[in-house]
J.: 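Once you've had a glance at the structure underneath, I'll fire off some questions.
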There are 4 protein chains.
Amino acid sequence: MSTTPAFRRLPRAVRERQMLDAAVRVFSRRGFHAASMDEIADEAGISKPMVYAYLGSKEELFTACLHREGTRLLEAIVGAVVPDLPFEERLWRGLRAFFRFVGAHRDGWAVLYRQGRGERPFAGELAAMRHRIIEVVAGMLDRGLAADGREVRPAELEIMAYALVGASESVADWLADHPDADPDVLAGRMMDFAWTGAGNLLAGRRWSPPPAPTD
Amino acid sequence: MSTTPAFRRLPRAVRERQMLDAAVRVFSRRGFHAASMDEIADEAGISKPMVYAYLGSKEELFTACLHREGTRLLEAIVGAVVPDLPFEERLWRGLRAFFRFVGAHRDGWAVLYRQGRGERPFAGELAAMRHRIIEVVAGMLDRGLAADGREVRPAELEIMAYALVGASESVADWLADHPDADPDVLAGRMMDFAWTGAGNLLAGRRWSPPPAPTD
Amino acid sequence: MSTTPAFRRLPRAVRERQMLDAAVRVFSRRGFHAASMDEIADEAGISKPMVYAYLGSKEELFTACLHREGTRLLEAIVGAVVPDLPFEERLWRGLRAFFRFVGAHRDGWAVLYRQGRGERPFAGELAAMRHRIIEVVAGMLDRGLAADGREVRPAELEIMAYALVGASESVADWLADHPDADPDVLAGRMMDFAWTGAGNLLAGRRWSPPPAPTD
Amino acid sequence: MSTTPAFRRLPRAVRERQMLDAAVRVFSRRGFHAASMDEIADEAGISKPMVYAYLGSKEELFTACLHREGTRLLEAIVGAVVPDLPFEERLWRGLRAFFRFVGAHRDGWAVLYRQGRGERPFAGELAAMRHRIIEVVAGMLDRGLAADGREVRPAELEIMAYALVGASESVADWLADHPDADPDVLAGRMMDFAWTGAGNLLAGRRWSPPPAPTD
DNA sequence: TATGAATGAGTTTTCATTCAT
DNA sequence: TATGAATGAAAACTCATTCAT
């Protein structure tokens, strides 16, 4: 009946991806609250009701962004950490994959790390995601120690994993602001920091506070 | 009839402090955008116009919170790091002061770390504050190395400081969610992670990536 | 069930006109500051956000009113002043058109003359409009004089035009408060005042102050 | 008891004058609505509650300004129009006094002419004041005609007076924006416009519309 | 007399969300 | 599927006005 060409009426999956891409960009540069559905619809080149039809409310949309980017990140890391390699090698590959991802997906990283943090409704969502990474790392550490015949209490392991992940995030965030930096070099720096430290711990060397008399 | 003291009609300085306290609490639990001036005024037990009269706009109010909490944190750390002590001792004291602060000022920490991050207008403000800490840490590392006769390029030092600070922040954030944890113990864990690592680096041991052929 | 036509969901152009009409009415009776966007939206039978969506801020809305009414007025006058007629005839037609307009568009006149005056942001806008009229009048006077072989300094011409326009405005304002008065009669009165005066001036008769000794 | 010198605790009349002066300045530059009681109190170098104690509400304050400036203006004109002089001389003196007043009291003029106009609560107040002047003028015209043995219907006289007053206001407003112009010269221009016209009318010359066939 | 402290009531403006076509 | 038209609800901010000292 109509001569309209096949410009619009894209299949659902494609449209959804376009919208998510647009949403990630907008959320990344504005933050959750300051981003408006109008701007997102504009960025996606689509009308607002379509966004609602496809992705639901603004919260659902942000959650979807979080999910997609988080999953991509996790998959990048997990895919890089080949299980049977030795601990050191796995750590190195994981870090490298992580920094490469951040270098290549700055918007996604901003959404995950800078914007999701403080917004009440997503704190849980994000914490869960972060926890999955931390557990991966803690598991690696654990197996590293076990392979060495040593044993560490889970609580301590968890803290260590938090430290490692936090350090990586901080450096990754620096990377997100320095587009010219080389992710692989940064991964090396992190190994400097984490491995030589972790290596010592694996070797059983612990640190104990000096006997400061007054505090 | 009643012994009720002068609840209302307080002098300006007192009211200002009350408002800042309230604002820090509200910003901490809602984030900058989701917090409403109404809620802050309520929390302070005062009417909205007073908040505007004393602290200016919402942005100025948030900045004031950032400033007060940031200054407190910095002072706590700097006050603990006695200059003439050896490097290790200084690091230990600094970390301990940091974790103690976070344990005692959870709301302030949330404002500084979780909320300020993504909000456009304050990113700079916060980055500056963070940078001051990082420079302190980098300075410490630098002098530690110099005392040892070694030399490291500034860029590497900075990254290392980012890692150290990020690790501490991450563990501190964990602490903020675990009120029963002991800050001093966490500081010890951080030393485990940071010092044995840093110690190795100070001793000249660097890590180098394995010669993985394909990537 | 009912034959009610499409009251809502009107096309943009129609709604915009409705809004301007309503705005002119409300501004006319309240003045710029005292008018609230709520009242304007109500008067237009529409919700506030639509007003913002279509006409922008309150200032832009008022400017739009000023523009529309000013343009209408100017067009009414200019359309009436056929160029090739003699000066007297042109003046008469211009005045008659002016008074007819004011009689038929009391609200528009109130917005232009009574409300725009004092409000800082529009003074310029309005002054420009008024100036256009004054220049038209001054031009007419000038050509009237030139046709007569006489010459008057531009500054004097301008003042004279100000006087003529001011006199007309004042009488028009009286008309706006006396709905039963006949615009054409008033235009005649103005000619009495202006033309017999102007006629004398055209004839070269100037007035000079008496030699009052003390002042 | 105290050594405080006689800076404050001024007699009521003085304080009131200071406040009115300040109010006139502020209203003049901001308009009634945009002026804030804070700014007025500041300008008067006094605290807000004092303004309320002395002059009542904001409306009352503005009314007081209107009254004072209006009375001054009226007195200046009436004082200049010595009753027994001939019509022409009285008109000339009245106009000169008017333009001199506006030149010397620009703020007062702005309050009377530009700001009061549109503000609902004062329209009546102002109209009354204007009417008093118009009646003075109409009375002058009437006696001028009577002395000449002619008679004009009151309605026509009123319109003429409106025209004369409006013309003067318009030129006066021009003067308020041109501080370097000489009020007496402007008064002369107005006589050019008004007297040569009025003189003709007094001589019985009326204008009648041309017999335009179609309108 | 004089004022710093305090607020109720309103203003403009924005935004997520939904109809009706 | 796709969208222009439409709105309820809320947020930041201001101001005339008053109290308590």
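Values reported hereafter were calculated over all heavy atoms of this structure, with side chains retained and with hydrogens, waters and symmetry mates removed. It should be emphasised that the depicted structure is a prediction, and the values quoted were computed from it without experimental measurement. Below, read A as the first sequence line, B as the second, and so on, with proteins coming before strands; counting in each chain starts at 1.
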J.: Could you check how far CZ of B/R12 sits from P of E/dT3, rounded to whole Å?
T.: 17 Å
J.: Using side chain to side chain contact (heavy atoms under 4.5 Å, CB included), reason through A/E16 and A/L20 one step at a time and then give a plain yes or no.
T.: CA-CA 6 Å; A/E16 251 174 16; A/L20 276 180; 5.7 Å; no
J.: How close or far is atom P of F/dT14 from atom NE2 of C/H33, stated in whole angstroms?
T.: 13 Å
J.: In this structure, how many angstroms lie between the P atom of F/dC15 and the CD atom of D/E39, rounded?
T.: 10 Å
J.: Would B/H105 and B/E69 count as a side chain to side chain donor-acceptor pair (under 3.5 Å) if you check the C-alpha gap in whole Å, the side-chain angles of each, and the deciding distance to 0.1 Å?
T.: CA-CA 9 Å; B/H105 301 81; B/E69 301 302 317; 5.6 Å; no
J.: On DNA chain F, nearest-nucleotide positions of B/K58 versus C/S47: which is more 5'?
T.: C/S47
J.: Considering every strand and a 4.0 Å limit on heavy-atom distances, what is the contact class for A/A35: base, sugar-phosphate, or nothing?
T.: sugar-phosphate
J.: Any idea which heavy atoms bring C/Q115 and C/F62 closest together, and the distance?
T.: CB-CZ, 4.2 Å
J.: Does OP1 or OP2 of E/dG4 have a side-chain N or O of B/Y54 closer than 4.0 Å?
T.: no
J.: Side-chain N or O of D/R15 less than 4.0 angstrom from OP1 or OP2 on E/dA2?
T.: yes
J.: Rounded to whole Å, please give me the gap between OH in B/Y52 and P in E/dA6.
T.: 18 Å
J.: To the nearest Å, give me how far apart CG (A/L61) and P (E/dC15) are.
T.: 16 Å
J.: If you count heavy atoms of other groups shown closer than 6.0 angstrom to CZ of C/R17, is the number above 12?
T.: no
J.: Using a strict 4.0 Å threshold on nitrogen-to-oxygen distance, state whether C/R29 and C/E43 make a salt bridge.
T.: yes
J.: Atom CD of C/E16 and atom C1' of F/dG4: how far apart are they, to the nearest Å?
T.: 13 Å
J.: Take the protein atom NZ of B/K48 and the nucleotide atom C1' of F/dA10, then report the distance between them rounded to whole Å.
T.: 10 Å
J.: If you assign each of C/S57 and B/P11 to its closest nucleotide in DNA chain E, which residue comes earlier from the 5' end?
T.: B/P11
J.: In this structure, how many angstroms lie between the P atom of E/dC15 and the CG atom of A/D42, rounded?
T.: 12 Å
J.: Hey, does the side-chain of B/R9 have a donor or acceptor N/O within less than 3.5 Å of a partner on the base of E/dA6?
T.: no
J.: Identify the nucleotide, in any strand shown, that forms a Watson-Crick or G-U wobble pair with F/dA6, with both distances under 3.5 Å; if there is none, say none.
T.: E/dT17
J.: Which residue lies toward the 5' end of DNA chain E, A/P49 or C/S36, if each is placed at its nearest nucleotide?
T.: C/S36
J.: What's B/M37 touching, base or sugar-phosphate or nothing? Going by heavy atoms closer than 4.0 Å.
T.: sugar-phosphate
